[in-house]
Structures are given as C-alpha cells and as structure tokens.
Amino acid sequence: MPFQITVHSQDRILEVVYPPQVTTADLSEYLADVKKAITALAGEWSALVDQSQLRVMPSDVVTAMASLNAYAQLHGMKRSARVVSDAPSGLQAWRMTKRAMLNIPTRTFETRGEALQWLRNPDAD
C-alpha cells in the first residue's frame, strides 16, 4: 500500500498516512506527489503525518524525509504533527525532525484526533 495524501483545504492541513513498509518506488512517487500538493497550497499550512503503521523507517527513507521536511518548511509549513504508535517510533520521528533542522513547532501524538486538535488550535499551546 503506498502513501496516502489528503489535503484538508478548509484547515490548510496536508495529511499523509505512511504505509507499513516503504518501497523505493512508493517513496519516489510520494516525494513527487507531496511536492505538488505543497506547491498547490501556496502559502502557510500545517502537516499531519501518520506514521503509526510504519514500525521501522529505513535510513534512506529517514534521509529523504528529512530533506522533504526542510523543503516543506521553506514552502510554507508552519506546524508539524506526527502520529506514532510507540516510543521508538516517536524517537525516530524526533531524529528525522532534528536532521531536517526544523524551527517550527513540531510534536508527536498517539492519536490522529489529538494531532488534528493541536494543528487546528495553535494558540492552545
């Protein structure tokens, strides 16, 4: 199953659901598709990344995602929420965020609902 990309236009949230395993073909297609979605947003937006199905992110995927996050920040990403299933996944998401050198608010959550609430209510921090 490839990546699922959804744009919530009203909230200006770009939502991505990772597959349980990432293939090279899936990754290439995803990078092209998500960059198109980012360009179409044209302005500030937030990211919701559901990594709860993905147990281990191969190093080449971490590198690609770190680069993508840096690109996203330069193209309007103002907040980033990640949904993870366990502590090791959360640590992996944190490492990727640090590698991308993001300077925007970024948090990990256990549920999609919590992540969406945080993205939709930035003043609630």
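Side-chain atoms are counted along with the backbone in the values below, which use heavy atoms only and exclude waters and symmetry mates.
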Point-to-point distance, once rounded to the nearest 0.5 Å, from [atom1] of [X] to [atom2] of [Y]:
X: Ile104; Y: Gln73; atom1: CD1; atom2: CD; result: 5.0 Å
X: Gln4; Y: Asp50; atom1: CD; atom2: CG; result: 9.0 Å
X: Leu119; Y: Glu15; atom1: CG; atom2: CD; result: 9.5 Å
X: Ser80; Y: Arg107; atom1: OG; atom2: CZ; result: 12.0 Å
X: His75; Y: Glu44; atom1: NE2; atom2: CD; result: 14.0 Å
X: Phe3; Y: Glu29; atom1: CZ; atom2: CD; result: 10.0 Å

Minimum heavy-atom separation for Leu102 to Ala70, with atom names?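 Looking at all heavy atoms of both residues, the shortest contact is CD2-N, 4.3 Å.
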
Which heavy atom in Leu27 sits nearest to a heavy atom in Ala64, and how many Å separate them?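 Looks like CD2-CB, 4.0 Å.
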
Evaluate side chain to side chain contact (heavy atoms under 4.5 Å, CB included) for Arg112 paired with Leu48, printing each intermediate quantity in order. CA-CA 8 Å; Arg112 179 181 180 274; Leu48 171 59; 4.1 Å; yes

Within the 4.5 Å heavy-atom criterion, are [X] and [Y] side-chain neighbours or not?
X: Gln21; Y: Leu54; result: no
X: Phe109; Y: Arg82; result: no
X: Ile5; Y: Leu14; result: yes
X: Gln51; Y: Val83; result: no
X: Tyr30; Y: Val22; result: no
X: Val16; Y: Tyr18; result: yes
X: Ile38; Y: Trp45; result: yes
X: Arg12; Y: Lys78; result: no

With sequence neighbours left out, what residues match Thr23 under side-chain contact (heavy atoms from CB on, under 4.5 Å)?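 Applying side-chain contact (heavy atoms from CB on, under 4.5 Å) to Thr23 gives Ala25, Asp26.
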
Between Ser67 and Thr63 (side chain of the first, backbone of the second, donor and acceptor by atom type, cut-off under 3.5 Å), is there such a pair?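 Between the backbone of Thr63 and the side chain of Ser67 there is no qualifying donor-acceptor contact (under 3.5 Å).
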
Say whether, by atom type as modelled, one donor and one acceptor occur between the side chain of Asp11 and the main chain of Ile13 under 3.5 angstrom.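 Judged by distance alone, no pair lies under 3.5 Å.
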
Looking at Glu110, I want to see if its CD is surrounded by more than 12 non-hydrogen atoms of other residues, nucleotides or ligands under 6.0 Å.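 No - once you tally the heavy atoms of other residues, nucleotides and ligands closer than 6.0 Å, there are 12 at most.
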
Dump the intermediate steps for side chain to side chain contact (heavy atoms under 4.5 Å, CB included) on Lys35 and Leu68, then the final yes or no. CA-CA 8 Å; Lys35 285 182 179 181; Leu68 178 61; 4.1 Å; yes

